[in-house]
Amino acid sequence: MGLRIYNTLTGKKEDFTPIVPGRVNIYVCGVTVYDYCHMGHARSMIVFDVIVKYLRYLGYKVTYVRNFTDIDDKIIKRAKERGKDPKEIAQYFTKAFYEDMDSLGIERADIEPRATEHIPEMVSLIERIINKGYAYVVDGNVYFSVRRFKGYGGLSKRSLEEMMAGARVEVDPRKEHPLDFALWKKAKPGEPFWESPWGKGRPGWHIECSAMSMKYLGETFDIHGGGQDLIFPHHENEKAQSEAATDKPFVNYWIHHGFLTINQEKMSKSLKNFFTIREILSKFHPEAIRLFFLNHHYRSPVDFSDEKIKEATKALEKLYITLDRAKQILGEFRQERTDEAIRSKPLYKRLVELEGSFKSAMDDDFNTAKAIGCLFDAIKEINLYLDKDEKEKGLIFEAVNKVKTLGNILGILRLEPRAFLTQGIDISVEEIEKLIAERAIARKRRDFKKADSIRERLAQSGIILEDTPHGTTWRVDYKRNL
RNA sequence: GGCGGCAUAGCCAAGUGGCAAGGCAGCGGUCUGCAAAACCGCUAUUCCCCGGUUCGAAUCCGGGUGCCGCCUCCA
């Protein structure tokens, strides 16, 4: 059984077959750079980061394109508010976007096109649409005619009649149909503009994604992704205009993820119930945030709270503690090849089995929650082995590698376990080690009162001591810090 | 009003016809000078309610109830 993906277009899980065997072309709607990114954006970026990582793990050569909308009404508005040039606003928040994504460990897309750098492509695409008779020009504006395009509403599963029934749109009287949308907007005085056959203006929102995705990925490509709120109108419109221009299917698989809610309500700017990524990163570990999101299926709504990220942090700690145990035993031990003797060990076989389960889970429409379950099963097996008296370094090394490989697909377990377990302390390592040494002497003399007072002293600083056969180790008490 | 989604233990959550994953929290045990970690055991005879289909349903069908989203910029 290979990869299956839930396709918004058909409403079903389908076997994934790329257009060119072994290659996947994927386009994801990025952000409009007019403000800091919030946690909803984080979820989106994490979901597609993992999808791309998994496709690569499967061996596909992936071309991942994610755009920046760097010219639109919101940017112009923000620029006016701040007395800045729209360009400056876009540049500033593009930089902020990269900072946030880097912190979350989200890889760069292969191509990250900006709308303002693709105006000529958009203009020629609009011309193509006009020539095909699917768009009309009114006073410097170009509108796409939804009525002329058969199949409008196919992605969002709505007919024009249904949409009209609930429409609350103020209708521009120059439009032939209320749902016709702008491909090109005439510039108002003082707004940024580009020259075009229809006069000075700027592109509509939807056309940029059509122009840029087709430029880099071809007129039909494999996967197009985004949030569920983009299904209508954005992706519906993208699909309509693209297919109107090319007479070819635009996209084979549409992937849409669910929303992030706060107290069960959608996180959004208008409700003012959003948290920015940087706010949350100041309190929690990026990998904990990833684990929190990935513990839910990407299409389900996720309710956000500090409490839940704390739980994810504890879960992540559990994984790192085991990796740390292994590392203590391994020291600098490394090995290049896995020999037959190791392959035949029960632990190794079990881990291969779990890797298979992990893969089946991910193959089933990227079921990361189930895959995480496999990761914890693997951790339990390793702990069981680590509890034994007789241990083989070669086997432990391989076991750790397996777990890390799987974790890395989800973008977690990328740190040295010691680094994770000793983060955020307000006492120096020298001080800690000095106290541990003192305590060791006290314990040898069976002066447990003193030993315990040292443990207590370190606990005050959020340090947990663990006495093992190999000596005493320490780590940060996440439970206390959270 | 139209369209769509969801409802699983104290909490989060996977599971779409065959004995209910995983995590967090809790309790008991092993280990420990004491802890911690780890491991073992316990914590949903039952998956919102009512009917139906089936040898068999959390899973399929019908009817309720509750929550959410889209239809307007939005990841």
Side-chain angles (χ1 to χ4, degrees), chain A residues 11 13 28-32 34 37-48 72-74 77 153 156-159 161-170 179 205 225-234 236 256-261 264-271 274 291-292 295-297 299-303 305 307-319 321-322 324-325 357 361 364 367-377 379-380 382-388 443 446-449 451-452 455-456 459 464-469 472-475 477 479:
Chain A
K13 276 186 205 170
V28 173
C29 288
V31 294
T32 301
Y34 75 106
C37 287
H38 62 228
M39 289 301 288
H41 297 111
R43 181 183 192 188
S44 182
M45 296 304 144
I46 288 168
V47 163
F48 288 109
D72 102 316
D73 292 349
K74 292 190 291 287
K77 183 164 169 264
S156 51
K157 314 256 182 315
R158 272 179 276 232
S159 67
E161 294 69 43
E162 282 167 356
M163 287 188 258
M164 285 311 297
R168 288 175 272 157
V169 214
E170 20 152 336
L179 288 163
W205 174 35
Q228 279 169 357
D229 51 352
L230 295 183
I231 296 172
F232 189 87
H234 187 229
E236 190 71 61
H256 293 97
H257 65 259
F259 291 121
L260 187 58
T261 59
Q264 318 295 329
E265 265 190 327
K266 181 179 167 182
M267 178 183 278
S268 80
K269 302 246 161 149
S270 49
L271 287 167
F274 63 92
L291 193 61
F292 162 71
N295 201 31
H296 304 70
H297 187 89
R299 280 188 281 117
S300 307
V302 171
D303 198 56
S305 72
E307 197 51 47
K308 291 179 190 146
I309 301 202
K310 284 178 195 175
E311 285 176 12
T313 307
K314 284 294 298 170
L316 182 62
E317 185 188 28
K318 183 189 177 83
L319 301 177
I321 284 174
T322 299
D324 188 48
R325 285 182 78 190
S357 309
D364 184 14
N367 191 337
T368 51
K370 194 173 184 181
I372 287 167
C374 299
L375 212 49
F376 279 96
D377 289 340
I379 285 294
K380 174 172 276 191
I382 293 172
N383 277 327
L384 238 22
Y385 184 77
L386 258 24
D387 281 345
K388 291 184 177 168
R443 288 181 74 211
R446 303 194 67 79
D447 180 358
F448 295 121
K449 202 167 175 187
D452 288 347
R455 185 203 291 288
E456 182 49 33
I464 291 179
L465 294 185
E466 296 184 10
D467 297 324
T468 75
T472 300
T473 62
W474 62 276
R475 64 185 164 85
D477 184 359
K479 207 185 269 185

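Here is how names work: the chains are called A, B, and so on, in the same order as the sequence lines, proteins then strands, and each is numbered from 1.
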Does the side-chain ring of A:Phe448 sit on the six-membered ring of the B:G33 base, less than 5.5 Å centre to centre and under 30° in tilt? yes

Only one of A:Leu384, A:Ile321, A:Leu319 clears side chain to side chain contact (heavy atoms under 4.5 Å, CB included) with A:Ile379; which? A:Leu319

Inter-nucleotide [atom1] distance ([N], [M]), Å rounded:
{"N": "B:C27", "M": "B:G66", "atom1": "C1'", "answer": "33 Å"}
{"N": "B:A75", "M": "B:A13", "atom1": "P", "answer": "24 Å"}
{"N": "B:G22", "M": "B:A44", "atom1": "C1'", "answer": "15 Å"}

Rounded to the nearest 0.5 Å, what separation is found between the CE atom of A:Met267 and the CZ atom of A:Arg43? 11.0 Å

Distance check: side-chain N/O of [X] vs OP1/OP2 of [N], anything under 4.0 Å?
{"X": "A:His296", "N": "B:A13", "answer": "yes"}
{"X": "A:Lys318", "N": "B:G22", "answer": "no"}
{"X": "A:Asn295", "N": "B:A14", "answer": "no"}
{"X": "A:Thr313", "N": "B:G23", "answer": "no"}

Base, sugar-phosphate or nothing for [X]? Non-hydrogen atoms, less than 4.0 Å.
{"X": "A:Asn367", "result": "sugar-phosphate"}
{"X": "A:Asp452", "result": "base"}
{"X": "A:His257", "result": "base"}
{"X": "A:Phe232", "result": "sugar-phosphate"}
{"X": "A:Gly30", "result": "sugar-phosphate"}
{"X": "A:Arg475", "result": "sugar-phosphate"}
{"X": "A:Asp377", "result": "sugar-phosphate"}
{"X": "A:Lys266", "result": "base"}
{"X": "A:Arg43", "result": "nothing"}
{"X": "A:Ala369", "result": "base"}

Starting at the 5' end of RNA chain B and moving along, which residue's nearest nucleotide shows up first, A:Leu384 or A:Cys374? A:Cys374

Compare the minimum distances between each of B:A13, B:A75, B:A35 and the side chain of A:Ser44, then state the nucleotide with the smallest one. B:A75

Would you kindly check whether a donor in the side chain of A:Arg443 faces an acceptor in the base of B:G33, or vice versa, at under 3.5 angstrom? yes

Please list, chain by chain and in numerical order, all residues satisfying side chain to side chain contact (heavy atoms under 4.5 Å, CB included) with A:Asp467, sequence neighbours excluded. A:Arg439, A:Arg443, A:Arg455, A:Thr472

So, are A:Glu311 and A:Lys308 salt-bridged, with charged N and O less than 4.0 Å apart? no

Which residues pass the side-chain hydrogen bond (donor to acceptor under 3.5 Å, both in side chains) test with A:Asp447, sequence neighbours left out? none

